[in-house]
Trainee: 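Sending over a structure as structure tokens; questions will come in a sec.
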Amino acid sequence: ASQMVAPSDPCATLGGVGVWGRLRRSCASYDAGMRVRPSIPLALLLALGATGCTSEPEPEGPTSGGTTSETAPGDGRGGNGWLCEDMSPANLRAVAGGELAEPRELVVADDDTSWVCEAYDGQAPLLRLSVVVGEEGREEARALAAETEGGAAGPDYLGESVIGPRQGVAITLCTDPGSEADARTPYSITAVALGDSPEDVSEALRSTLTLTAGKLDQGVGCSPKAALEEAAQTTEAP
């Protein structure tokens with residue numbers, strides 16, 4: 001995936017909050033507090049935020065050229081594909097088990113409530129990353145987590161999460177753009193290694209989930225702590 005470049009002005013802001021410093025910190029951990037955001041469409045917030053942030057550092061080494069991005073035919077949406085940026089070259093190499101000969105990305109969905117990007121090396125599928133907003137998406141993510149073989153709870157900064165050798169799920173609660181400041185809605189992030197390889201790539205999945213969760217937090221304001229508390233209440237309910 002293409003590398004993000006720091007803005008010439010590291011104090012660039014989005015909604016009065018420094019996006020460059022915040023997103024860098026968010027990959028290590030980010031808190032639970034809710035932040036007030038302007039009433040701007042989510043896709044625009046994320047696209048604007050991406051111009052002022054960077055993905056995790058890449059180790060030095062040979063590269064295999066740029067990554068080709070394309071949109072799935074027939075979806076009629078032609079979105080900006082911001083989610084593909086969270087598939088770092090290092091994580092894709094880990095999933096592939098080596099250097100990529102012909103890296104490319106396919107934007108499968110890109111609208112106001114769902115984003116899906118798939119990464120390939122030529123025709124070989126590598127990774128699918130998705131974000132779905134709403135209760136239905138959360139239930140589907142929980143079902144995927146329940147069937148994750150060898151899965152274990154992820155770090156608290158990913159909210160309600162399970163990460164296994166070949167797939168990972170992170171559910172957080174984020175501000176609903178355009179609503180009251182205390183209105184939260186589920187954002188479900190899933191990262192699934194494609195193909196038939198049995199290789200354990202859980203660390204690459206965790207890193208990918210972290211990049212996406214950090215971007216969401218920077219863009220709309222999320223509370224992984226609230227997601228954990230809500231999950232605990234659901235579990236304890238009779």
Side-chain angles (χ1 to χ4, degrees), residues 1 23-32 55-59 83-98 105 108-109 114-120 125-174 186-219 222-235:
L23 187 53
R24 290 183 53 145
R25 293 193 297 272
S26 69
C27 290
S29 70
Y30 53 90
D31 160 67
S55 49
E56 292 183 335
E58 288 298 322
L83 189 60
C84 294
E85 298 167 357
D86 297 339
M87 295 182 171
S88 75
N91 289 333
L92 291 180
R93 287 194 296 268
V95 173
E105 298 159 341
V108 178
S114 63
W115 303 270
V116 181
C117 183
E118 293 180 349
Y120 295 79
L126 298 176
L127 183 65
R128 179 189 298 116
L129 178 62
S130 67
V131 176
V132 179
V133 181
E135 189 58 43
E136 183 176 351
R138 176 162 63 177
E139 292 308 311
E140 292 176 353
R142 284 174 171 171
L144 181 65
E147 64 185 33
T148 298
E149 296 184 5
D156 288 351
Y157 61 78
L158 287 179
E160 181 186 353
S161 62
V162 172
I163 302 175
R166 303 291 297 174
Q167 60 189 30
V169 173
I171 302 171
T172 187
L173 293 177
C174 301
Y187 278 64
S188 302
I189 313 166
T190 60
V192 179
L194 306 175
D196 299 326
S197 172
E199 187 75 17
D200 184 339
V201 294
S202 55
E203 179 56 28
L205 298 177
R206 181 208 60 77
S207 176
T208 301
L209 292 170
T210 298
L211 287 170
T212 303
K215 184 180 288 185
L216 287 173
D217 180 49
Q218 180 272 328
C222 301
S223 176
K225 180 179 180 181
L228 283 170
E229 292 172 348
E230 191 167 295
Q233 292 172 359
T234 301
T235 302

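All heavy atoms count here, side chains included; hydrogens, waters and symmetry mates do not.
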Trainee: Report, as yes or no, whether the 6.0 Å neighbourhood of atom CD on Glu139 holds more than 12 heavy atoms from other residues, nucleotides or ligands.
Mentor: yes

Trainee: Looking only at non-hydrogen atoms, find the nearest pair between Thr172 and Pro224 and report the distance.
Mentor: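 Between these two residues, the closest heavy atoms are OG1-N, 3.3 Å.
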
Trainee: Quick check for you: to the nearest 0.5 Å, what is the distance between Thr212 atom OG1 and Glu85 atom CD?
Mentor: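 Rounded to the nearest 0.5 Å, the OG1-CD separation comes out at 10.0 Å.
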
Trainee: More than 12 foreign heavy atoms under 6.0 Å from CD of Glu135: is that the case here?
Mentor: yes

Trainee: From Leu83 CG over to Leu129 CG, what is the distance, rounded to the nearest 0.5 angstrom?
Mentor: 4.0 Å

Trainee: Are the side chain of Thr210 and the backbone N or O of Arg206 linked by a donor-acceptor pair below 3.5 Å?
Mentor: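 Checking the backbone N and O of Arg206 against the side chain of Thr210, a donor-acceptor pair under 3.5 Å is found.
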
Trainee: Might you point out which heavy atoms bring Met87 and Glu105 nearest each other, and give the distance in Å?
Mentor: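 Distance-wise, the nearest heavy atoms are O-OE2, 4.5 Å.
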
Trainee: Flag the pair Leu127 / Asn91 as yes when at least one side-chain heavy-atom distance between them is below 4.5 Å, and no otherwise.
Mentor: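 No. Closest side-chain heavy atoms not under 4.5 Å.
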
Trainee: Flag the pair Glu199 / Arg166 as yes when at least one side-chain heavy-atom distance between them is below 4.5 Å, and no otherwise.
Mentor: yes

Trainee: Under 4.0 Å between a side-chain nitrogen and a carboxylate oxygen: does that hold for Glu160 and Arg138?
Mentor: no

Trainee: Within a strict 4.5 Å, meaning less than it, do heavy atoms of the Leu144 and Val192 side chains meet?
Mentor: yes

Trainee: Side-chain contact test, heavy atoms from C-beta onward, threshold under 4.5 Å: evaluate it for Asp156 versus Lys225 and give yes or no.
Mentor: no

Trainee: Which atom names give the shortest non-hydrogen contact between Ser188 and Ala141, and what distance separates them?
Mentor: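 What the structure gives for the nearest pair is CB-CB, 3.7 Å.
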
Trainee: Looking at CG of Leu158 and CD1 of Ile171, how far apart are the two atoms once the value is rounded to the nearest 0.5 Å?
Mentor: 11.0 Å

Trainee: Over all heavy atoms of both residues, which pair between Tyr187 and Val131 is shortest? Give the atoms and the distance, please.
Mentor: CD2-CG1, 4.2 Å

Trainee: Does any N or O in the side chain of Thr148 come within less than 3.5 Å of the main-chain N or O of Gly151, such that one atom is a donor and the other an acceptor?
Mentor: no

Trainee: What closest approach, in Å, do Leu205 and Gln167 show between heavy atoms, and which atom pair accounts for it?
Mentor: CD1-N, 3.2 Å

Trainee: Return the minimal non-hydrogen interatomic distance between Gly164 and Ser202, and the atom names on each side.
Mentor: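 Closest approach of Gly164 to Ser202, heavy atoms only: O-CB, 3.3 Å.
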
Trainee: As an exercise, state the distance from CG of Leu211 to CG of Leu216, rounded to the nearest 0.5 Å.
Mentor: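 Reported to 0.5 Å precision, the distance equals 11.0 Å.
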
Trainee: Is there a side-chain contact between Trp115 and Val133 (heavy atoms, below 4.5 Å)?
Mentor: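 They are in contact (side-chain heavy atoms under 4.5 Å apart), so the answer is yes.
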
